Amino acid sequence: MHILILGGTTEARALAGLLHGEVRVTSSLAGRVANPRLPEGEVRIGGFGGVDGLVEWIGGHAVDAVIDATHPFAERISFNAARAAATAHVPLLALRRPGWVPEEGDRWVPVPSLEAAAGALDGLGERVFLTTGRMGLAAFADRPEWFLVRSVDAPDAPVPARAEILLDRGPFTLDGERELLARHRIDVLVTKDSGGAATAPKLTAAREAGLPVVVVRRPPVPEGVPVVATPEEAAARVLRG
């Protein structure tokens, strides 16, 4: 059995480790991170060239099933995977870590997009901790606020005119996030609802400081695609056949 994992996430690496040695596993990484953490098993890096390219790859490499374990906001590849799997007549499973849930004391401002997040900043604060990754920063390019932009790799232009770039990779600690908010005098946080524990401490730190948090809601999984929440659930489904 040959399983194609569309990966790049912590969950995808864990899943590859669970399946490696049990079945043939190929993990596909988009190539957007300069030095990715590689999973066990076979690895390919780069795009497929859209739906047709993915269909061709599935057929040419005798793939028996596809698991979409990409980032919750990797909407394009998720929908391409759904179309390609249907065309190639192979099963598709989505592995999605659960989203974050607001707790007592949180001051969340839910929004549907990065553009809406930029618009929601009016009146919320003047010093913004922007943790939405290096893609899509153009939405904030014309904002007057000062931004601390954190990403794994350096972002491409355009970026906010008044910005400091912080290159860092999670997991992050609560003490570290508290210190970061205080040192940079942050008064509003902007994040995507990525879920998971690696970057969640910023939410606790913001709650403790009483800061508003603009939260970009995640896009839906393509209709009809079954979803599991953990690598263990995904591995169990694959190994059950």
Side-chain angles (χ1 to χ4, degrees), residues 7-13 29-38 45 70-74 97 99-100 102-103 106-111 113-218:
T9 60
T10 301
E11 291 78 15
R13 288 192 297 275
L29 310 182
R32 292 178 178 171
V33 176
N35 295 296
R37 295 169 178 166
L38 298 180
I45 297 178
T70 56
H71 191 277
F73 283 83
R97 69 185 77 139
W100 290 317
E103 299 182 16
D106 280 325
R107 298 174 57 196
W108 284 16
V109 181
V111 295
S113 66
L114 289 174
E115 290 74 19
L121 289 174
D122 291 336
L124 288 184
E126 294 299 323
R127 297 181 66 83
V128 183
F129 186 20
L130 184 57
T131 65
T132 56
R134 69 184 184 91
M135 309 294 289
L137 296 184
F140 302 90
D142 295 328
R143 294 296 311 184
E145 296 86 0
W146 179 88
F147 289 83
L148 176 64
V149 178
R150 183 166 70 189
S151 62
V152 175
D153 294 317
D156 298 324
V159 298
R162 300 172 60 215
E164 178 178 331
I165 308 300
L166 173 62
L167 301 183
D168 204 356
R169 186 199 302 261
F172 301 105
T173 67
L174 179 54
D175 285 344
E177 299 294 65
R178 287 168 174 157
E179 191 276 333
L180 195 67
L181 295 184
R183 173 159 46 94
H184 292 280
R185 306 190 312 280
I186 299 299
D187 48 25
V188 57
L189 167 66
V190 179
T191 185
K192 292 178 177 178
D193 179 17
S194 301
T199 60
K202 64 189 173 187
L203 300 174
T204 303
R207 184 188 315 122
E208 292 176 348
L211 304 184
V213 181
V214 179
V215 181
V216 181
R217 293 189 294 265
R218 57 175 61 180

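These numbers come from the heavy atoms of this one structure, side chains and all, not from hydrogens, waters or symmetry mates. Values in this document were obtained by computation on a predicted structure and should not be read as measured data.
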Approximate separation, where rounding is to 0.5 Å, of Arg207 CZ and Lys202 NZ:
13.0 Å
Would a 4.5 Å heavy-atom cut-off, applied to side chains only, mark Leu211 and Phe129 as touching?
no
Is the shortest side-chain heavy-atom distance between Asp106 and Val213 below 4.5 Å?
no
Lys/Arg N to Asp/Glu carboxylate O, Asp193 vs Arg217, below 4.0 Å
no
Output for pair (Arg162 CZ, Leu148 CG), nearest 0.5 Å, gives 13.0 Å
Can you check whether Leu38's main-chain N or O pairs, donor with acceptor, with Arg13's side chain at less than 3.5 Å?
no
Thr131 side-chain N/O to Val190 backbone N/O, donor-acceptor pair under 3.5 Å:
yes
Least distance between heavy atoms, Leu124 atom then Pro212 atom:
O-CG, 3.9 Å
Residue pair Ile186 / Trp146, side-chain heavy-atom distance below 4.5 Å
yes
Would you mind checking if Arg127 and Glu164 are paired as a salt bridge, meaning a charged N to carboxylate O distance below 4.0 Å?
no
Please round to the nearest 0.5 Å and tell me the distance separating atom NE2 of His71 and atom CE of Met135.
12.0 Å
Check step by step if side chain to side chain contact (heavy atoms under 4.5 Å, CB included) holds for Leu180 and Arg150.
CA-CA 11 Å; Leu180 195 67; Arg150 183 166 70 189; 3.7 Å; yes
Taking every heavy atom of Ala120 against every heavy atom of Val111, the minimum-distance pair comes out as CB-CG1, 4.0 Å
Could you measure the distance from the CD atom of Glu208 to the OG1 atom of Thr204? Nearest 0.5 Å is fine.
6.5 Å
Could you please spell out the steps behind the side chain to side chain contact (heavy atoms under 4.5 Å, CB included) verdict for Glu145 and Val188?
CA-CA 10 Å; Glu145 296 86 0; Val188 57; over 6 Å; no
For Pro158, enumerate each residue passing the side chain to side chain contact (heavy atoms under 4.5 Å, CB included) test, keeping only those at least two apart in sequence or located in another chain.
Ala138, Ala141
Apply side chain to side chain contact (heavy atoms under 4.5 Å, CB included) to the pair Val216 and Phe73, showing each step before the final yes or no.
CA-CA 10 Å; Val216 181; Phe73 283 83; 3.9 Å; yes
Flag side-chain contact, heavy atom, 4.5 Å: Leu203 against Glu177
no
Checking Trp108 side chain against Val214 main chain: does a donor-acceptor pair fall under 3.5 Å?
no
Please lay out, stage by stage, how Arg134 and Asp156 fare under the test side chain to side chain contact (heavy atoms under 4.5 Å, CB included).
CA-CA 7 Å; Arg134 69 184 184 91; Asp156 298 324; 3.5 Å; yes
NZ/NE/NH1/NH2 to OD/OE distance under 4.0 Å, Asp122 and Arg143
yes
For Ile165 and Pro155, the nearest pair of non-hydrogen atoms, with its separation, is CG2-CD, 3.7 Å
Is the shortest side-chain heavy-atom distance between Leu137 and Phe147 below 4.5 Å?
no
